[in-house]
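Have a look at the structure below before the remarks.
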Amino acid sequence: MSEKKVSEQITRSNQASISIDWSYADAPESTSHVRFNKHYGLFIDGSFTEYNENQSFESINPANGESLYRCTEANKSDVDTAVKAARKAFKGTWGSTSGTQRSHYLYRIARMLQERAREFAVLESMDGGKPIRESRDIDIPLAAAYFFYYAGWADKLAYAFPGKSPQPLGVCAQIIPWNFPLLMLAWKIAPALACGNTVVLKPAETTSLTALKFCELLQDIGLPDGVVNIVTGAAKTGEYLVQHSDIDKIAFTGSTGVGKVIQQSIAERQLPATFELGGKGAFILFDDAALNEAVEGIVNAIFFNQGHVCCAGSRLLVQEGVAEKVIDLLKKRMQHLIVGDPLDKNTDIGAVNSKEQLETIQRYVELGIQEGATCFECSGSLPTTGYYFPPTILTGVSQSSTVVQEEIFGPVLTIQTFRTTDEAIEKANNTPYGLANGIWTDKGSKIFYVGNKLKSGVVWSNTYNKFDPTSPFGGFKESGKGREGGISGLHAYLKLDHNGGMY
Amino acid sequence: MIDRIPIDAVGIQERVERICTRSIKKESKLQALDLALRMMDLTTLEGSDSEGKVRQLCNKALHPYTELPNIPSVAAVCVYPNRVSLAKSILCNSSISIASVATAFPSGMSSLQIKLDDVNYAVSEGADEIDMVISRGAFLSGEYAKVHDEIAQIKEACGTAHLKVILETGELGSLENVRMASDLAMKAGADFIKTSTGKISPAATMPVVLVMLQAIRDFHETTGKKIGMKPAGGIRSSKQAIQYLVMVKETLGNDWLNPSLFRFGASSLANDVLMQWVKEKTGRYQSLNYFSND
């Protein structure tokens, strides 16, 4: 290269030493490796029933509003067939399967989930709208982790409850929500099977796909027929299931409203039941906390999974002295959140699960503004098709505001200030809910002082939305009863009161 | 004089991990590689640095990869003071700056006068940028004013030369100390803050750089001054370099994606960036044998 060329080249690069407007190019996760059917029957007694167009409903991909697949709406007799299949398996094959063998099945499920993790992650994002970053890094690995964990308990139940001779309950009716479809399935099925029960599970009507793919996985690993039955459908199907006379246990995760209806409907039956319901978690931020990290914590607390998280930290309580600084840092951080295609690897916030939920969120934010709140939204553009809502914060709200009292289940954070520790505790507890709260402070003693006074099943300190199979999870007050996860999670699927000897 | 700001190392690590999940492809990758090259301080800081070695490094800076025209040149070469005049004589007609370490590099264990003389010598030889080290011993024993004043006097000795202040974060022991040293250096007049000498392990790490970037952001917020950042040591792959750029973008914004405000102190990074650059341009990977080791 001549000297002249070199100097031209250098001039060029020198001129270019102004800042560049750098944005991330599309990085879509491939969908070429996933296979799913256009329509599905119900999974009863080890095989899929015939699909019937007249008894079906559509599942929409919330990222674009288009139809993804159709599945069968289970009617009363379908549910009855499923319960009978579960009963037969409980009395027959599964009832005579040893803890060691059950543990082998569960390990096999866990490993198979790991092997097919990518496929399940893509399907979860297509069906429910959650960003692939989360389904890939959180939902699917965690679902496998729950199966691994409970696989370990299946042959050690007698040691979990010394002197109690634990016995399975029988047929478990399980109903799960749409926010973490496969993960909630794992939370329900893994402990139930580990304890020797059989299951009829109903996924939420907008997110049946991974549950149905899970049935294929069960066929592949050779789980005995009837041990797990999946009935798809909406509220009516759920009603048939919980009102069925031959079930031995109900496990429900969903809204507090539906939870109350179920509790009323089973009030006259001696039916063990666990409920994991809504929440309105407080994120208590003290002025001595590491603020940058706390802001990152807020992002994880409320913008994780589009805010469709029952334990979301949806109320920020921030000490007055640092409120302005924190809000400023949060607004800056929010400018770097990417809302868009759930299948893009750089998407932070995907699509809202359904049109209905999007309208609910919009209604709440409008109501908040009417009640005097100031609204700040992420400035980035939203996709034009599909159901999207930008990360939003509402300031100027008070304890009496509707948006502070009620669960929005979307990427909407309310911000209130407090002056003293006791005021923060009072505000945090002043809600009918009690699922989760977070404490942010650099001072260890304050974590214990505040943590002991918070009325919630979970208290996170200097972190938020962390889940682990070994840790019990569940609510106080109207956020539910019973615990899932850990040894406590076994308790919910066992009879401990008579002496038998199957273990 | 300087507040101690609480920092949660676990939270910082989590943020770093999230940053590392960003997937940079296609044109945004090419932009990043181009930027990384333009931000590079090609460095040789060995006791064995001969005239020949420095000459070769300067030639590499001028002609990173002759096969492709329009490949950008690096920002600077970084050498010891007694090699500055040689580097200057080779690079004087280019846009490439000469950076020199000074102030009893790398330990900083000498008198202030000797450090000032060291700086004066490097500047008089033609250095455009001075990379000084702070007195970590003084910092760790709480003599913050001493560290501050030293930086301030060296800044004065630099004259028009830009001052990069090396904190040697691998010796500071905590992220809180990193933050405090960053604040101290910026207050004392640093144009850039830099992680490491490259002589201590660990050198630049992403958590440390994140904390320093946050300090820069807050300093800009309160004073309006834009301070530069230079991670040095341990950055060997394009992938790492791109992750750093993502961190800069998401902490300070696009304004800092500029060689006048961000540099990589590295020696082996250049060839990996070149290799990726050529791959993005031609669609094919070349063997590393095609890139000169200088």
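- Using a 4.5 Å heavy-atom cutoff, the side chains of A:K332 and B:E250 are not in contact.
- Shown here for B:K249 and A:H336, the closest heavy-atom pair between the two residues is O-CE1, 3.1 Å.
- Other residues, nucleotides and ligands contribute only 12 or fewer heavy atoms inside 6.0 Å of the CD atom of A:E324.
- Here the shortest heavy-atom pairing between B:Q31 and A:D21 reads NE2-O, 3.9 Å.
- Between B:K25 and A:N346 the shortest side-chain heavy-atom distance does not fall below 4.5 Å.
- No part of A:A294 comes within reach of chain B, as not one of its non-hydrogen atoms sits under 4.5 angstrom from that chain.
- Ranked by heavy-atom pairs shorter than 4.5 Å toward chain A, the options B:L210, B:V246, B:I5 are led by B:V246.
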query: So B:R18 and A:V299, side chain to side chain contact (heavy atoms under 4.5 Å, CB included) or not? Walk me through it.
result: CA-CA 12 Å; B:R18 182 151 179 182; A:V299 169; 3.9 Å; yes
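- Both the backbone and the side chain of B:A32 come within contact range of chain A, with heavy atoms under 4.5 Å apart.
- For the atom pair CD1 of A:I20 and CG of B:D34, the computed distance is 7.5 Å after rounding to the nearest 0.5 Å.
- Within the 4.5 Å cutoff, side-chain heavy atoms of A:D442 are placed close to those of B:E176.
- By the neighbour-count criterion of 12 heavy atoms within 6.0 Å, atom NZ of A:K443 is sparsely surrounded, having that number or fewer from other residues, nucleotides or ligands.
- We find the OG1-CG distance between B:T21 and A:D137 to be 6.5 Å, quoted to the nearest 0.5 Å.
- Between B:R217 and A:L329, the closest side-chain pair of non-hydrogen atoms falls below 4.5 Å.
- With rounding to the nearest 0.5 angstrom, the CZ atom of A:R133 is 13.0 Å from the OG atom of B:S23.
- Taking A:D344, A:I338, A:T463 one by one and counting their heavy-atom pairs under 4.5 Å with chain B, the maximum is reached by A:I338.
- Salt bridge B:R22/A:D348: present, at least one basic N to carboxylate O contact under 4.0 Å.
- Other residues, nucleotides and ligands contribute over 12 non-hydrogen atoms within 6.0 Å of the CZ atom of B:R4.
- Using a 4.5 Å cut-off between heavy atoms, A:N462 touches chain B through backbone and side chain atoms alike.
- When the heavy atoms of residues 6-16 of chain B are compared with those of chain A, the residues falling under 4.5 Å are B:P6, B:I7, B:D8, B:G11, B:I12, B:E14, B:R15, listed by number.
- For the options A:K345, A:E296, A:Q335, heavy-atom pairs under 4.5 Å to chain B are most numerous at A:E296.
- In this structure, the portions of A:D26 lying under 4.5 Å from any heavy atom of chain B include both its backbone and its side chain.
- Heavy atoms closer than 4.5 Å to chain B are found in the side chain of A:K325, but not in its backbone.
- B:L261 does not touch chain A: none of its heavy atoms, backbone or side chain, sits under 4.5 Å away.
- Looking at heavy atoms from C-beta onward, B:V248 lies out of side-chain contact with A:W22 at the 4.5 angstrom threshold.
- Cation-pi check for B:K26 over A:Y24 is not met; the charged atom does not lie both under 6.0 angstrom from the ring centroid and within 45 degrees of its normal.
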